[in-house]
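This report concerns only the one structure given below.
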Amino acid sequence: MDMNPGFIERYQILFEKDKSTKSFAPLAEAYRRMNLLKEAKEVCEIGLSHHPSFTSGLVAYAKVLIDLESFDEAIKVLEKVTTQNPDNILAHNLLGSCYLHLKKHNLALRSFKMLLFLAPNHMGAQKQVKKLESLSAPELHENSFKILDPSSLFEEVSENTKEQESKENLHKLNIERVLSLADAFSVRGDLDKALNTLKSAREQLGDHPEIIKRLSVLDQQPPEISVSEIKISSGKKIARLEKALLLINQNRRD
């Protein structure tokens, strides 16, 4: 992709004058698009040494790492982004793509479901969720949605599983069950069920980072708008349109 030389030069000057400036992020992105990956990586590493939690810088760095096919490193960066900014759509999308490259289908599915929750009309996420559910998420079978009591998620695994399975592995398995079910409820729009599932999980399984992350996203959902509020809003729009049409007609007569 062609880049505006003036754009690049401006950010180069800013960065050379002050290595602590946040302008390293757009400069790194410009370098990346020019396929100057070594330079882009270096700029990101310098910039992030001054601003380790700067979201735009972390995302720019992750994109460079992905282009360098350093997917494991990119995942670490993107996990940091989604932890501090759970509603970052781009980070979830990139994270899902990284897991796909590494053939970690369950983790990719989790990322794309979170993306779909945040952006229900995202075509790429819809396609990936549909594909990955059939490959790696049998726990999201329709029967999963018949569970009414979230506490049933935390019972001991069936006798068909290894009897000697450690408590740590059992805990991890229950976490995976909860997250998969809560994500699926969210994608379907059953936000109350998703929230109740996560709250029950938190009480019984503790403050797991992924549970906290999803709770923080659900807590940010906008309040429902009543029918009366919708009518009022629509009425105001109609009134403004009628006034505009009246002015147009007056202008025509004049």
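Looking at every heavy atom in both residues, L58 comes nearest to V77 through O-CG1, 3.2 Å. When all heavy atoms of G96 and A108 are compared, the closest pair comes out as O-CB, 3.7 Å. The minimum heavy-atom distance linking N88 with A91 is given by the pair OD1-N, 2.9 Å. Here the closest heavy-atom approach between residue G57 and residue C44 is recorded as O-SG, 4.4 Å. Pairing each heavy atom of N93 with each of F112, the nearest pair is OD1-CE2, 3.5 Å.
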Hey, mind stepping through I8 and M34 against side-chain contact (heavy atoms from CB on, under 4.5 Å) and telling me if it holds? CA-CA 11 Å; I8 298 173; M34 296 171 65; 3.2 Å; yes
Derivation and outcome, side-chain contact (heavy atoms from CB on, under 4.5 Å), residues I75 and L65: CA-CA 9 Å; I75 285 171; L65 292 171; over 6 Å; no
CA sep, side-chain torsions, deciding dist, call: F71, Y99, ring-ring contact (aromatic ring centres under 6.0 Å, His included): CA-CA 8 Å; F71 299 113; Y99 284 131; over 10 Å; no
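The environment of NZ in K19 is crowded: more than 12 heavy-atom neighbours from other residues, nucleotides or ligands sit within 6.0 Å.
Between E79 and K76, none of the side-chain N atoms (NZ, or NE/NH1/NH2) sits under 4.0 Å from a carboxylate O, so this pair counts as no salt bridge. In summary, E42 and K38 do not engage in a salt bridge, as defined by a charged side-chain N under 4.0 Å from a carboxylate O.
By the criterion of side-chain heavy atoms lying less than 4.5 angstrom apart, applied directly or through intervening Ile, Leu, Val, Met, Phe, Trp or Tyr residues, I211 is grouped together with F117 in one hydrophobic cluster. By the criterion of side-chain heavy atoms lying less than 4.5 angstrom apart, applied directly or through intervening Ile, Leu, Val, Met, Phe, Trp or Tyr residues, L205 is grouped together with L215 in one hydrophobic cluster.
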